[in-house]
Amino acid sequence: MTAIRLDHVSKRYRAGRSRTVVDVIASAVERLRGRERDVYGTARRQIRATVFALSDVSLDVAQGTGLGIIGPNGAGKTTLLKLISRVTWPTSGRVQVAGHVVSLIELGAGFHPELTGRENVYLGGGLFGLTRREIDRRFEEIVQFAEVEPLIDTPMKRYSSGLYARLGFSLAIHSCPDIVLVDEVLAVGDAAFRRRALERLRQLIAEGKTVLFISHDLWNVRRLCDRIVWMDEGRVRASGAAAEIADRYMAEVNVRAIANEQNLLQSHRGGTGEIRFTDVAVVDRHGRPIALVDEGAELVVRARYQASSQVASPIFQVAIVDVETGLTVATATSSSSDSPVLESTGAVDCIFESLPLRPRPYVLRMTITDAHQLVSYDVTAGPQFAVTATNGTTGQSGDEGVVSLPYRFEHAARVLS
Amino acid sequence: MATVLRPLSDRVEPTDPEAYLELLMNLTRREVKGRYSQSLFGFGWAVAQPLATMAVFTLVFSRLGNISADGAPYPIFAYAGLVPWFFFLNSVNSGTASLVQYRNIVTKTYFPREIIPLSQVCSRLLDFGAAASLFAVLMVAYGTRVTPWALIIPLVFVLLVAFTTAVTLLTSAANVFYRDVTPVVQIALQLWLYLTPIAYPLAKVPARWRGWIAANPLSGIVEGFRSAVVYGREPDWSLLALSGALTLIALVGAFALFKGVDRSFADVI
């Protein structure tokens, strides 16, 4: 049964500032003087400009689903939740929901800092559609979940922001929602509360409630949600099983980061320069440069070089460095007997037969030294690439560490029987 | 816990009206608490406001301007008009800014938006009650007789609240779109005080202007209160009926307009 249905929904906002009568007159004067911009320096066509926060989004969410919503900032994620919670209305299209929607867009928005926690629970409960009697019945539970018992009769202006948010979350979650909308609000609580909140959301899903969860923390999204919608520039970029969409999203984020950093890394260069790399690429079987490598697959690094004089038996080294930590994960070093005397240009391939690395971005560090590894001719950063998870070969998404070792579990009982 | 499968709906929140009534009461309570917290004189201010104006009016209009109050003592005549007037004035003034003031909950959660301006009107009921109880003291002091006509007070009171609500709904919604509404309302209210027979009786208005003054729904309301408690005589029913009809039109119109635009509040506020 469907809990939320969006049918070709678009939401348009005015982009320009609102203008006073004085602005309008001043701009008219500027126009008479032949200026293309108004008093604020805004180009004329921008004044009436509108932006589509969402364009033509259609979405069906089944009851009892944990749906993650991911995407870069400004993708329309929060607008989507605001439409579902009826805080705002679509410019075109239709939004339908089944049941009571509770929105955790900003926790404790309805609280009054001068009133005590107790007064605010009763006051704020009304905002979530709770009556006094219902709050009376659940009061203990609400306070206990938020763990604010000692401060419940203190004005909320004395609360820390974490406590504020905890009481807000607890109140919202105890208002018997059918649909819960969570927008990156768990970040304020401490680790213990975050865990409890996630646990509670998971419990709600298990009870058949629908939870929409916006987070940039893909780890939490994957723990809570079985489906993900990937938003980009106001559209649904992709939607489907959580693991698949999360991996595709991460791969793209990595590719973008690689494109941005490529030039920067090339500029750091050392070595004496008798022989230098001219081009280094991670290539596929057909020799085409690639930026993504499947976990466990083969990695081919193709390096072209140019020698300015004769160089006898140099040693090539390729190091794989974790971009985030700077840790050298693995190196490959050629032996001096592999390479004869080199002059002018040439190319060398370094082939890693399998790449059992955790899915994340890596960068290559390329070195050429003399036969005794005493003098380095060239040290440079090579291209970045990202390892992508492949289903089946990887472990659980919760695995940590640097390398992905192939493993399996066997229960002792099975061995005995 | 068994989950009830609910059908899809375009409508907003099938939640209990009782919960919204409670929200209205809570917001009212919060408003009153906020207004009189950290104040020494507290509720006294609700009484001081009409009382001070009564003193000024008595000096200016009765002593200097020589306006007679149709046989009643001028102070009690003026006070009977000022109590409903200040209820109207304060409700509209704080109501106009209320939606913008509560923008953080308007843009974050859904609930019927009219609850916010309504809570402003409700919070002024307490002030009205405090000011009205002083009126009882004045009646004893001036030896005013209570007649059975005092029984029409509830009727006039309902008209006052209804008309105040209508104006507050309109100005609060308009203020979301244009902040100019706040100063415009303040100026309009200053003029409105003198276009309502508060400092003077309607009977003293020259006949050719009387129709215009009567078209102001507050005229019938103020005159209604006076005939009930100051003079203890039958009210001018046609004036009261006109006021009632205009109030009804204003209330229905204001509510329809409010509900017509309240969906865009969160976008433009």
Side-chain angles (χ1 to χ4, degrees), chain A residues 1-5 11-14 18 20-21 53 63-64 82 85-91 94-112 114-115 119-120 122-135 172 175-176 178-179 203-204 207-209, chain B residues 1-38 101-113 115-116 119 176-180 259-269:
Chain A
M1 195 150 179
T2 310
I4 301 167
R5 174 171 294 155
K11 178 72 188 178
R12 196 176 57 209
Y13 284 107
R14 264 188 66 176
S18 64
T20 67
V21 176
Q63 237 153 30
K82 284 192 168 182
S85 66
R86 301 299 164 95
V87 165
T88 181
W89 294 76
T91 311
R94 191 171 180 204
V95 180
Q96 291 172 289
V97 294
H100 178 48
V101 182
V102 157
S103 157
L104 282 67
I105 289 179
E106 190 176 298
L107 294 173
F111 290 160
H112 192 302
E114 295 289 340
L115 303 182
E119 288 169 325
N120 268 311
Y122 281 95
L123 174 73
L127 285 172
F128 293 117
L130 280 174
T131 63
R132 172 163 292 268
R133 260 177 300 126
E134 285 170 317
I135 297 171
S175 65
C176 287
D178 298 304
I179 298 168
Q203 196 185 326
L204 285 171
E207 285 167 7
K209 316 289 190 191
Chain B
M1 196 193 293
T3 305
V4 186
L5 293 181
R6 291 172 185 270
L8 276 179
S9 153
D10 278 6
R11 282 192 328 117
V12 182
E13 300 298 297
T15 313
D16 226 341
E18 193 194 342
Y20 289 136
L21 189 68
E22 209 149 283
L23 179 61
L24 173 62
M25 277 157 56
N26 276 331
L27 285 176
T28 304
R29 205 169 295 140
R30 163 177 163 162
E31 197 58 39
V32 173
K33 262 187 192 169
R35 195 175 322 136
Y36 297 113
S37 71
Q38 295 212 358
Q101 185 196 335
Y102 280 91
R103 73 193 323 158
N104 63 333
I105 56 177
V106 170
T107 55
K108 296 301 188 306
T109 45
Y110 178 79
F111 55 89
R113 303 310 190 199
I115 287 181
I116 287 179
S119 74
V176 169
F177 296 92
Y178 297 100
R179 301 292 190 272
D180 313 58
K259 293 314 277 182
V261 297
D262 73 344
R263 288 181 177 187
S264 52
F265 282 174
D267 296 340
V268 294
I269 206 162

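The chains referred to below are lettered A, B, ... by the order of the sequence lines, with proteins before strands, and numbering in each begins at 1. On a predicted model such as this, the values are computed, not experimentally measured, just so you know.
For B:Arg113, the part lying under 4.5 angstrom from a heavy atom of chain A is the side chain only. The part of B:Val106 that comes within reach of chain A is its backbone (N, CA, C, O), which places non-hydrogen atoms under 4.5 angstrom from that chain. Neither the backbone nor the side chain of B:Ile115 comes within less than 4.5 Å of any heavy atom of chain A. Looking at A:Leu123, the atoms closer than 4.5 Å to chain B (heavy atoms on both sides) sit in the backbone and in the side chain alike.
When all heavy atoms are compared, the tightest approach of A:Arg132 to B:Asn26 is NH2-OD1, 4.1 Å. B:Asp267 approaches A:Trp89 most closely through the heavy-atom pair OD2-O, 4.5 Å. Smallest separation of non-hydrogen atoms from A:Phe128 and B:Thr109: CE2-CG2, 4.4 Å.
To the nearest 0.5 Å, atom NE2 of residue A:His112 and atom CZ of residue B:Arg29 are 14.0 Å apart. Once rounded to the nearest 0.5 Å, the distance linking CZ of B:Arg30 with CZ of A:Phe111 reads 10.5 Å.
Within 6.0 Å of CZ on B:Phe177 lie more than 12 heavy atoms contributed by other residues, nucleotides or ligands.
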